[in-house]
Each structure stands twice: as C-alpha cells, then as structure tokens.
Number of protein chains: 2
Amino acid sequence: MALRHAVLAALLSGEYSGYQLAKAFDVGVANFWYAQPQQLYLELTKLEKDGLISGRQVVQEARPNKRLFTVTEAGKVELARFATADCKPSFIRDDLLVKVQAVDHIDAAPVIAQLDDRAAAAAAKIEFLDRLLRQLRGDLDEETFLRRGEPLGPYLTCLRGRQFEQEHHTWCVRAATVLRDRAKNRSS
Amino acid sequence: MALRHAVLAALLSGEYSGYQLAKAFDVGVANFWYAQPQQLYLELTKLEKDGLISGRQVVQEARPNKRLFTVTEAGKVELARFATADCKPSFIRDDLLVKVQAVDHIDAAPVIAQLDDRAAAAAAKIEFLDRLLRQLRGDLDEETFLRRGEPLGPYLTCLRGRQFEQEHHTWCVRAATVLRDRAKNRSS
DNA sequence: AGAATCATGTAAGGGGTTACATGATTGA
DNA sequence: TCAATCATGTAACCCCTTACATGATTCT
C-alpha cells in the first residue's frame, strides 16, 4: 500500500477529480510521490470502496461530468495510523545515473546529450516550483511562513522538491561539463 | 527492463558474486539504483542465460562456493544501446514526504521522530560516501580527478549520491526544527 | 549459545507501467 | 483539420517485494 496514502495526503488540500490529481502527480506538483493517471483512477476507486474518501458527481454542460473526492474521517484516521508506522528509506533509481556509471566503457556523446536535456527540464521545474512556493506563502516571506503560515506540509514538501531539482540541475551541468572537457582533450 | 542495466553497469567495475553485489546495492553503494538480494540473484540468472554476463565458479574451503560474474561483449553492446535510448525522468517516491505533506492534519510528533531518524541515517551515509570518494580518487584532489582520473563514471554517480544525502539531511533537520518550534509555541 | 557473515536460491502476491478504449469541446 | 484539453476507465504484463528455505563458519 504505497500510492494509497500519497493520494489521501494530496486530497487533504481540497477536492480534486481524478483528472486534476493526475495532472498534479504527473507534472510533478507532487513533490512527494509520482503516479500515472491510470493508477490514480484505480486507486481512487479502491479508496472510495474502502470508505477512506468520498466522491460527489459534478455535472457539467460543456465538459464531461467529473467526480470530486474528499478525505473522510476514516481516511484521516488511516493517515494518522500510517504516520506512526515506520517507513522505508528513500532511494534513488535513475536510468540516467546508470548510464553515467557506465560512461567509461561506452560512447559518452548520447549520455552528454541526455544530461543536457535533464538539466533543461530541471531548470523549468525549478521555475515552476518557485512560482508555486510564492503562491503558497502569499505575502509572507519564507521565514515567517515557516513560523506560522498554513498549510505547512505542502510548503515543506515543495521546498524539498525544489531543492531536489536544484541539485539535480547542478549535478547534470557539472557531469556534462566534465565529460565534454574530456572529449575535447582526447581529440586534441 | 530496469534493474538489468543497473547490474550490467555495476559489473563493469569488476567481478562480483551475487552476494557481493547485493551488499553494494542494499547498503546503497549503488548511488544509481537500489535492489534487494533476491532480485539480484534472479536478474543475474537471467543475464547469464541471455549471454550478457558470464559467471565462473570459485571453490572455497572455509566458505560456501560462489560464482563471480563479468560483463561479456554482448553485455557491453547492450549497455551501449541502452545509453542511446531515451530514459524516464527521475522522480521522488518517499513515504516520509507523504507524512510531512499531511502534517497539518495529523499528530506531528511521530513525523518529527522519523525526520530525526532519517537525518541521522543520512549523516552516516554521507560519512560513508566521503570515505568512498576519497578511496576512488586516491591521492588526486577532486578537480584533478574529474579532469583525468579513472574510472570517472562511478565517481560521478557517487558524487550525486553524496549530494542527495546531504540535501536530504539538511531538509530533514530543517523540517524537524520548524515542526518542533510550532509545537512549542502552541503549548506556551 | 546465539548472532552475524557468507552464499544462493524459489514462490506468491502486490504494485506499477503500458497499451487499449471512448468521446466531446476548444484552440491553432 | 489536427492537436490539445477535459474526463474516466479496463486489461495484460512485468517488475519488485516479502516470505520461505538451507547450511556452514566465525565472532561475541
């Protein structure tokens, strides 16, 4: 049971439809989890069946109807229980790192290209997260918000996400530079 | 096929038995992937069957016999092919972040405790990785090693792992402090 | 005497990815 | 007219985790 609690936690911020959640999880607004639309629809169905969330139908004219979900009391209890259970250590699993690990034995060119792509993607996400953070904290500065702003949880996870992207970006640029310099020296 | 290439990349550094690989992957020397022993044994069997690695039996007296694996030519070709294919973006999936996301709605105490644990674990891993980095670079300083040291790949992934742990540590300490301060102010 | 290390596997089940399926509206 | 957005699902498959299984040696 993994995605389960991520969805519950996400739904604490308000009512969302499957589609809206999917966007958040996919684009990566979810700085605490990632999931695909299909999995979310499935999980939402299960969560509703288990009484941890409840959905209400919203009829729309111009658009297809949608169902908005809210966390029930039972859902909050389940989250509280989950919070006391101990959790697995976080770990890295990244295709690109595998490629870099092997870079002494394979052609570096495609790896460098992908490092550049990643760096660009990370930069875009950093901008996005900065906007989101500013929005979350309103007219307070960060220190003040951390002392008494609400909601704190989403702000903290967003900070972590921002930090992660920043580091990722720095590393990609560094690695690409190192690899490019070596290629240059070898050819000269 | 995900673990497959991670194992291949790991085996480029030398001959390893399933058990030795498992330790590396589990303890987290693998800064590019994580896997459990059982999965590794399974994957090694498959890789050998596919001719991407070859194992040789090593008979031992005092210890059980073991099989050491090496990447074959076919394995290197497969890795090169993998390196040119485009890869999935890396993402975060962390139970603890889910708990922090929900912290406005649940008891903060257990979350704070787990943040402390994580911070301590991260600190330990940072020390470990620092030792590993020093070992990898020998008597060269970092800049020099990055310019012409070998092997470069493992050093770069290790740097990324170190950086990740560092950030993780910083964030955990920060989040725990913020949550503790709020608990204090609320009670006073 | 018990725990830890070395050493390798099998089997069941759950979680996640990919592919398939549908259909109306809006903007380029 | 083509792509994108809104909106929700099903089915197959693969990957990964957890639990089970064995057994000798070394250290505390």
Side-chain angles (χ1 to χ4, degrees), chain A residues 1-8 15-28 30 33-50 53 55-69 82 85-95 98, chain B residues 1-8 15-28 30 33-50 53 55-69 82 85-95 98:
Chain A
M1 308 284 155
L3 176 60
R4 223 177 160 64
H5 302 103
V7 172
L8 280 175
E15 276 190 331
Y16 289 101
S17 68
Y19 187 80
Q20 288 172 302
L21 261 186
K23 280 208 117 179
F25 272 73
D26 192 41
V27 175
W33 207 265
Y34 161 88
Q36 290 173 316
Q38 291 81 354
Q39 212 186 335
L40 288 170
Y41 283 115
L42 207 75
E43 199 62 47
L44 286 169
T45 310
K46 281 191 215 162
L47 280 165
E48 196 184 22
K49 203 187 66 193
D50 295 347
I53 60 174
R56 65 181 184 89
Q57 186 84 3
V58 174
V59 181
Q60 301 181 120
E61 319 117 34
R63 308 234 150 261
N65 296 341
K66 60 182 175 183
R67 276 153 51 74
L68 296 179
F69 295 95
F82 169 68
D86 48 302
C87 54
K88 299 150 198 165
S90 73
F91 48 79
I92 295 180
R93 265 185 188 169
D94 188 344
D95 282 351
V98 173
Chain B
M1 308 284 158
L3 176 60
R4 221 178 163 64
H5 302 102
V7 172
L8 281 175
E15 276 190 331
Y16 289 102
S17 69
Y19 187 81
Q20 287 173 301
L21 261 187
K23 281 208 118 180
F25 272 73
D26 192 41
V27 175
W33 208 266
Y34 161 88
Q36 288 175 318
Q38 290 80 356
Q39 210 186 335
L40 287 170
Y41 282 116
L42 208 75
E43 199 63 46
L44 285 169
T45 310
K46 280 192 217 162
L47 280 166
E48 197 184 20
K49 203 187 66 195
D50 295 347
I53 60 173
R56 64 182 185 90
Q57 186 84 4
V58 174
V59 181
Q60 302 181 118
E61 319 115 36
R63 308 233 151 260
N65 295 341
K66 60 182 174 182
R67 277 153 51 74
L68 296 179
F69 296 94
F82 170 68
D86 47 302
C87 54
K88 300 149 197 165
S90 73
F91 49 79
I92 296 180
R93 265 187 187 168
D94 189 344
D95 282 353
V98 173

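Letters A, B, ... mirror the listed sequences (proteins, then strands); counts begin at 1.
Of the candidate nucleotides D:dT18, D:dC6, C:dG16, D:dT18 has the atom lying nearest to any side-chain atom of A:Lys88. Distances from the side chain of A:Phe91 to the nucleotides D:dT25, D:dT8, D:dT17 place D:dT17 closest. Here the side chain of A:Arg67 is nearest to one of D:dT8, D:dG23, C:dT5, namely D:dT8.
OP1 or OP2 of C:dT8 has not a single side-chain nitrogen or oxygen of B:Tyr19 nearer than 4.0 Å. Within the structure, a side-chain polar atom (N or O) of B:Lys23 is placed less than 4.0 Å from OP1 or OP2 of C:dC6.
Here C:dG9 presents its C1' atom at 14 Å from NZ of B:Lys46, a figure rounded to the nearest Å. We find that CD of A:Gln60 is positioned 19 Å from P of C:dG23, with the value rounded to whole Å. Put simply, CG on B:Leu21 is 14 Å from P on C:dC6, counting in whole angstrom units. One can place NZ of B:Lys66 at 12 Å from C1' of C:dT5, the figure rounded to the nearest angstrom. In this structure, CD of B:Gln20 is placed 15 Å from P of C:dT5, rounded to the nearest angstrom. One atom, CG of A:Asp95, and another, C1' of C:dT17, lie 13 Å apart when rounded to the nearest Å. Rounding to whole angstrom units, CG of residue B:Asn65 and P of C:dG9 are separated by 11 Å. For the pair B:Glu61 CD and D:dT26 P, the computed distance is 10 Å after rounding to whole Å.
Side chain of A:Arg67 to main chain of A:Gly18: no donor-acceptor pair is present (N/O by atom type, distance under 3.5 Å, no hydrogens or angles). A donor-acceptor pair under 3.5 Å is absent between the side-chain atoms of B:Glu43 and the main chain of B:Val7, judged by distance alone.
Side-chain atoms of B:Phe82 and B:Leu8, non-hydrogen and from C-beta on, never get closer than 4.5 Å to each other. Between A:Leu21 and A:Leu44 there is a side-chain heavy-atom pair separated by less than 4.5 Å. B:Leu68 is listed as a side-chain neighbour of B:Gln20, based on a closest heavy-atom distance under 4.5 Å.
At the heavy-atom level, B:Arg93 lies under 4.0 Å from the strands shown only through sugar-phosphate atoms.
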Pair B:Leu3, B:Leu40 - check side-chain contact (heavy atoms from CB on, under 4.5 Å), show working. CA-CA 8 Å; B:Leu3 176 60; B:Leu40 287 170; 4.2 Å; yes
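A heavy atom closer than 4.0 Å to some atom of DNA chain C occurs in B:Gln38, B:Tyr41, these being the qualifying members of residues 36-45 of chain B.
Between the CH2 atom of A:Trp33 and the CG atom of B:Asp94 there is a distance of 7.5 Å, given to the nearest 0.5 Å.
Along DNA chain C, the nucleotide nearest A:Pro64 and the nucleotide nearest A:Ala35 are compared for position; the residue whose nucleotide lies closer to the 5' end is A:Ala35. Taking the nucleotide of DNA chain C with the nearest heavy atom to each of A:Arg63 and A:Leu3, the more 5' of the two is matched to A:Leu3.
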